[in-house]
2 protein chains.
Amino acid sequence: MNISQAAKRAGVPAKTIRYYEDIGLITPARGANGYRDFSDQDLHRLAFLARARRLGFSIEQCRALLELYADRNRASAEVKAVAQTHLAEIDAKLAEMQAMRATLAALVHSCAGDNRPDCPILSDLASGSQTIAAQG
Amino acid sequence: MNISQAAKRAGVPAKTIRYYEDIGLITPARGANGYRDFSDQDLHRLAFLARARRLGFSIEQCRALLELYADRNRASAEVKAVAQTHLAEIDAKLAEMQAMRATLAALVHSCAGDNRPDCPILSDLASGSQTIAAQG
DNA sequence: CATAAGGGTTCCACCAGCTGGAAGGTCAAG
DNA sequence: CTTGACCTTCCAGCTGGTGGAACCCTTATG
């Protein structure tokens with residue numbers, strides 16, 4: 001199967017597939033003409049990758065997961081550890097973004113948004129919450 | 001004031017300050033020896049940038065905000081528009097990450113995490129929710 | 001048989017937003 | 001005069017691709 005077919009089936013752009021091969025996540029066979037020839041197994045790995053990426057796993061985490069997937073003797077604890085690490089990363093980022101959101105929403109709310117120049121958003125950014133002077 | 005002092009006061013690494021100058025966000029004066037010489041105004045801009053970045057504004061949004069900040073005749077509506085755009089971006093990302101989190105948490109929950117190989121996480125990634133076969 | 005469309009291939013550059021490091025100039029202290 | 005801590009510039013690399021150029025291969029059509 002050619003790359004564009006594989007791309008369609010796995011729901012991944014052809015460019016991305018080439019990139020994945022480049023970094024060693026997949027190794028499709030090559031035809032006599034040099035074209036990549038994707039097997040069902042290749043497709044399977046691609047789909048696995050696509051789903052893992054959609055869940056936000058990093059490329060290196062995907063690599064680890066693929067290795068565990070291929071290892072019939074893995075302990076599920078190893079897989080769970082990877083997933084839990086990622087979950088913790090997501091939670092940390094969520095907390096950070098929710099804090100951002102809260103501040104930002106308050107600022108947006110406080111701004112009249114008319115054609116006068118007074119703007120609490122700019123005021124906050126300019127002197128926001130912390131003093132810059134007299135620290136050193 | 002030298003760059004390391006400015007960095008300390010504004011809470012931004014010196015490298016980042018050089019980068020900000022490189023992309024035209026700040027233009028500190030130079031001493032006879034070629035060293036950057038930061039004025040209070042430069043510090044002010046740096047602190048503004050630091051806070052805006054901490055709120056997740058992109059560099060280009062920061063540039064826009066700095067311009068509005070410098071324009072005594074701006075309409076607060078313009079500022080609010082930038083902030084609202086950013087708020088919408090954050091909300092979109094939050095929704096995406098919360099969806100990820102829900103799926104991931106369910107997977108983690110369903111995995112025994114012992115030394116047996118059976119793992120619902122891998123099963124899900126391998127065949128997860130969508131079929132890869134017979135689409136094209 | 002020529003040619004044009006629509007595949008495929010490689011490689012190089014670019015995006016955000018820095019960060020690390022090398023190579024070298026400057027400055028203050030002992 | 002040397003040491004060490006600054007400063008400077010520039011180049012490379014990080015993540016996870018994406019766009020584009022230049023070129024090869026295949027297939028259909030006149």
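For the numbers below, each heavy atom of this structure counts, side chains included, while hydrogens, waters and symmetry mates do not. Below, read A as the first sequence line, B as the second, and so on, with proteins coming before strands; counting in each chain starts at 1.
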side-chain N/O B:S4 vs D:dC7 OP1/OP2, d < 4.0 Å: yes

Protein-nucleotide distance (A:R63, atom CZ; D:dG17, atom P), rounded to Å: 12 Å

N/O (side chain, B:N33) to phosphate O (OP1/OP2, D:dC7) under 4.0 Å: no

Criterion side-chain hydrogen bond (donor to acceptor under 3.5 Å, both in side chains) on B:S76 and A:D114, from CA distance to verdict: CA-CA 6 Å; B:S76 69; A:D114 52 22; 3.2 Å; yes

C:dT9 phosphate, OP1 or OP2, under 4.0 Å from A:R36 side-chain N/O: yes

Closest to the B:I3 side chain, choosing from D:dT8, D:dT18, D:dC10: D:dT8

A:L49 CG - D:dT15 C1' separation (whole Å): 15 Å

Sugar-phosphate, base or nothing in reach of A:Y20, heavy atoms under 4.0 Å: sugar-phosphate

A:C62 side chain near A:R53 side chain, heavy-atom distance below 4.5 Å: yes

Nearest-angstrom distance from the residue atom CG of B:N2 to C1' of D:dT8: 12 Å

Rounded distance in Å - CD1 (A:I17) to P (D:dT18): 11 Å

Touch class at under 4.0 angstrom, heavy-atom based, for B:I23 against every strand present: nothing

Nearest-Å distance for atom pair CG/C1', residues B:D22 and C:dA16: 14 Å

Side chains of B:V82 and B:H86 in contact at under 4.5 Å (non-hydrogen atoms): no

5' precedence on DNA chain C between B:A32 and B:E60 (nearest-nucleotide basis): B:E60

Sugar-phosphate only, base, or nothing, as touched by B:R18 at under 4.0 Å among non-hydrogen atoms: base

C:dT26 phosphate, OP1 or OP2, under 4.0 Å from B:R30 side-chain N/O: no

Check: A:S123 side chain, A:C119 main-chain N or O, donor-acceptor pair, under 3.5 Å: yes

Rounded distance in Å - CD (B:Q5) to P (D:dA5): 16 Å

A:R63 to A:I23 - nearest heavy-atom pair and separation: NH1-O, 2.9 Å

Proximity to the side chain of B:R53 - top-ranked nucleotide from C:dT26, C:dG21, C:dC18: C:dC18

Interatomic distance, B:Y35 OH vs C:dG24 P [rounded to whole Å]: 16 Å

Atom pair distance, as rounded to whole Å: CZ in B:F38 and P in D:dC7: 9 Å

Residue A:T16, side-chain heavy atoms: nucleotide from C:dT19, D:dT18, D:dT8 that is nearest: D:dT18

From C:dC11, C:dG21, D:dG17, nucleotide with atom closest to A:K15 side chain: C:dC11

Option among A:Y69, A:Y20, A:F57 that satisfies the ring-ring contact (aromatic ring centres under 6.0 Å, His included) test with A:F48: A:Y69

Nucleotide nearest A:I59 (side chain, heavy atoms from C-beta), chosen from C:dG25, D:dG16, D:dC10: D:dG16

